[in-house]
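Taking it in order: structure first as structure tokens, then the write-up.
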Amino acid sequence: MSAVPTAPPPRPAGRWARLGWHWRHDPKIELWIMWWAMFCFYQLFGVVFALMTRVMPPPKPWWGQARIVQWFSDNHDGLLWGFGICFLISGLVASCNALIGYSMRRMSVSRAFPYAYIAIYSLSTLPGMLLAAILLTVGAMRPDRDPAILSWIYDAAFMTFVGTMGVFLVGTAIWMLAILLDRNRVFPLWFGYLNICNLLTEVVVAPVWIFQEGPFAWNGVITFWVDTLVFVVYTAAFITLLRRLVLREDFGEGVLPDLAAPSAGRA
Amino acid sequence: MGASSLPLSPHRSPSRGEGCHGLPGQADIWYLVGFEALVFSSYFVVYLLYRSWNPDLFLQSQQQLNQNLGVLNTVILLISSWLVARGVQAAREGRHEAAGKQVWMAMGLGLLFVGSKLLEWSLKIQAGFEFSTNRFFSFYYFLTGIHVVHVLFGFVFLGVVLYQLGGPRRRSQPVIEAGAIFWHMVDFLWVMIFALLYLMR
Amino acid sequence: MSHETDRRLALVFALLTGVTLLSWWLGAGDDRQAFSPDAALSLAVILMAAIKLRMIVWEFMELRHAPLRVRRGADGFLWGIVGVMLLVYAFGSRMQV
């Protein structure tokens, strides 16, 4: 950590004083802000989509119009509050994309990789999250509309939410390539390979457009449950690895140093 | 930037696994194998569950598959795996040209596999069995389809292996072994898919 | 040395192909007759696939050179999942959701 140009004052003892020290003198403060923004975003995303709006796990794709209208009225408050939060925090996605783009800039690969990744993933927020949120909010706000229209909204919301994965597929492929080509060891190789699994889940969801029930519908065992598990493992892995990246960052060139042996006592 | 754009550069991982101690290839590729095995196991269990809920439909549909074509597919992949294993051995002994030849042949057989799958699908579709015909055929197209996607990934891995075998400065035995391990994984996944879709009753 | 490995790989390949043909003969021997449920045959076919899979992983992927702990883990995973698959085959019809 000798890359810091001017030596900062020594770290004070108290908890709050230390926080203040980090705020003023820690050269990584901006990276940490981005990391915490990303961390909070994924926590809130889970709370909003699983607990408040009841979108994950998704309701049944085979429901008739009456049942769909009832679903909208049952979840009216959860949908409005949940997606209200979602619209407020959706900007935090940018911090996630930025940090991942930053990780690729630290690699020994062309700048084209982070630019392409950021462009694609900022686009992917729309089909992956916002479109579903907008559609379901419209449904919750206009309960007196024709049930046929409401069930169209319901179908459209869940099909875009689960089924539109092409942008994620290409984005993941770009990140994977960058990690596998990189010589600065920003990410371990196994995470590069794990991208293959995440990428394949985006292929697996395609049958959602065809089936209304069974393992390949939008709430199916294979297309929803297995896919979501893989996605959760993948997301947890990259959040942890990005934290480690911030810890390891030396603001230099070349190979990124390993963590300063916290396991020295163990070894 | 020129030197840094080599794919899977040799300096990446210290060569961990040539002796009897560490894992063969890179340890990293084994994480992928383990995770893929987990994901595919879940598909297999779901398939067997749906199968046991409707055994008659599955049996009748299984009878529409061409077992002979399935065996041919298996043998094609087994030969290609064997060639790749021989190629790794040759590379280890420094006979890189021979290794390259083996890997080329393995890729050819992989292409043959993909071709025969396309043929099989088109025959099935002509006979009126499509993705949404019934639950068995959904699983049939899903499992064979996702497996073929893995074969396509395997071509990329073998391509990197061939690239590395091509010149002395690009070579890295762990990366070559990692590519081979991915190809063998594609092979063993097919072995299980073949048993579950074509053979079991 | 090289000759030895070559012979070993060839032997493994021959065994794999042999088991494949055996399971083919078991599973497709009654060509075009009506398929009927057959637990013994399914058990045999799945076990043969598992053995083939293990041979590929141990010989071609060279897991047999891995540390004992890893080999045990892989074996445990393989036979565990085969066990689950056979249980689902046998009792799946009672697990209606």
Side-chain angles (χ1 to χ4, degrees), chain A residues 107-113 169 173 176-217 220-231 233-234 237 253-255 258, chain B residues 1-14 16 25-47 49-50 53-54 130-132 134-135 138-139 141-143 145-150 152-154 156-157 160 174-175 178 181-182 185:
Chain A
M107 294 177 191
S108 67
V109 296
S110 153
R111 288 287 155 84
F113 283 90
L169 191 149
M176 173 180 78
L177 259 180
I179 294 169
L180 294 180
L181 291 170
D182 166 44
R183 292 169 156 198
N184 293 351
R185 296 206 269 179
V186 174
F187 284 103
L189 274 180
W190 64 260
F191 179 71
Y193 293 133
L194 186 64
N195 276 283
I196 293 181
C197 290
N198 188 54
L199 195 152
L200 287 168
T201 62
E202 321 292 5
V203 180
V204 164
V205 292
V208 160
W209 297 88
I210 302 173
F211 295 99
Q212 292 208 20
E213 46 96 40
F216 302 108
V221 187
I222 287 177
T223 37
F224 179 76
W225 288 103
V226 177
D227 258 34
T228 304
L229 268 177
V230 174
F231 176 73
V233 170
Y234 174 78
E253 303 266 317
V255 175
D258 282 326
Chain B
M1 235 33 210
S4 63
S5 54
L6 290 175
L8 300 168
S9 52
H11 318 288
R12 272 306 288 266
S13 53
R16 311 178 58 136
Q26 309 154 324
D28 296 90
I29 194 78
W30 285 97
Y31 284 98
L32 176 70
V33 172
F35 205 71
E36 288 275 19
L38 215 60
V39 172
F40 268 88
S41 302
S42 70
Y43 295 160
F44 296 156
V45 169
V46 172
Y47 165 77
L49 204 57
Y50 275 92
W53 290 338
N54 203 346
E130 291 172 15
F131 192 35
S132 51
N134 65 33
R135 186 113 321 139
S138 303
F139 274 108
Y141 284 107
F142 173 75
L143 287 173
I146 203 78
H147 178 261
V148 163
V149 175
H150 279 80
L152 299 182
F153 268 106
V156 178
F157 273 87
V160 172
V175 171
I181 284 170
F182 188 87
M185 181 189 80

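From a predicted model like this one, the values you see are computed outputs, not experimental measurements. Labels below follow one simple rule: chain letters A, B, ... track the order of the sequence lines, proteins then strands, and each chain is numbered from 1.
- At least one side-chain heavy atom of A:L199 sits under 4.5 Å from a side-chain heavy atom of B:F153.
- Among the candidates B:Y141, B:F139, B:Y47, the residue making the largest number of heavy-atom pairs closer than 4.5 Å to chain A is B:F139.
- Aromatic rings of B:Y31 and A:F191 (six-membered ring for Trp) have centroids beyond the 6.0 Å cut-off, not under it.
- Atom-to-atom distance recorded for B:R135:CZ and A:F216:CZ is 8.5 Å, nearest 0.5 angstrom.
- The shortest distance between side-chain heavy atoms of B:V46 and A:W225 does not fall below 4.5 Å.
- Counting only heavy atoms from C-beta outward, the side chains of B:F131 and A:F211 approach each other to under 4.5 Å.
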Given the rule in the side chain to side chain contact (heavy atoms under 4.5 Å, CB included) test, do B:I29 and A:W190 qualify, once you have shown the distances and angles that lead to the verdict? CA-CA 6 Å; B:I29 194 78; A:W190 64 260; over 6 Å; no
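- For A:V233, the part lying near chain B is the side chain, with the backbone staying farther off; criterion is any non-hydrogen pair under 4.5 Å.
- For chain B, the option among A:L200, A:I210, A:V221 with the highest count of heavy-atom pairs below 4.5 Å is A:L200.
- For B:S132, the parts sitting under 4.5 Å from any heavy atom of chain A are the backbone and the side chain alike.
- Side-chain contact check for A:I196 versus B:F157: some heavy-atom pair is nearer than 4.5 Å.
- Highest contact tally toward chain B, considering only A:T201, A:V203, A:V204, is held by A:V204 [criterion: heavy-atom pairs under 4.5 Å].
- Comparing B:V149, B:L32, B:I146 by heavy-atom pairs within less than 4.5 Å of chain A, the highest count is held by B:L32.
- The only member of A:L229, A:D227, A:I222, A:V226 that meets side chain to side chain contact (heavy atoms under 4.5 Å, CB included) when paired with B:V39 is A:V226.
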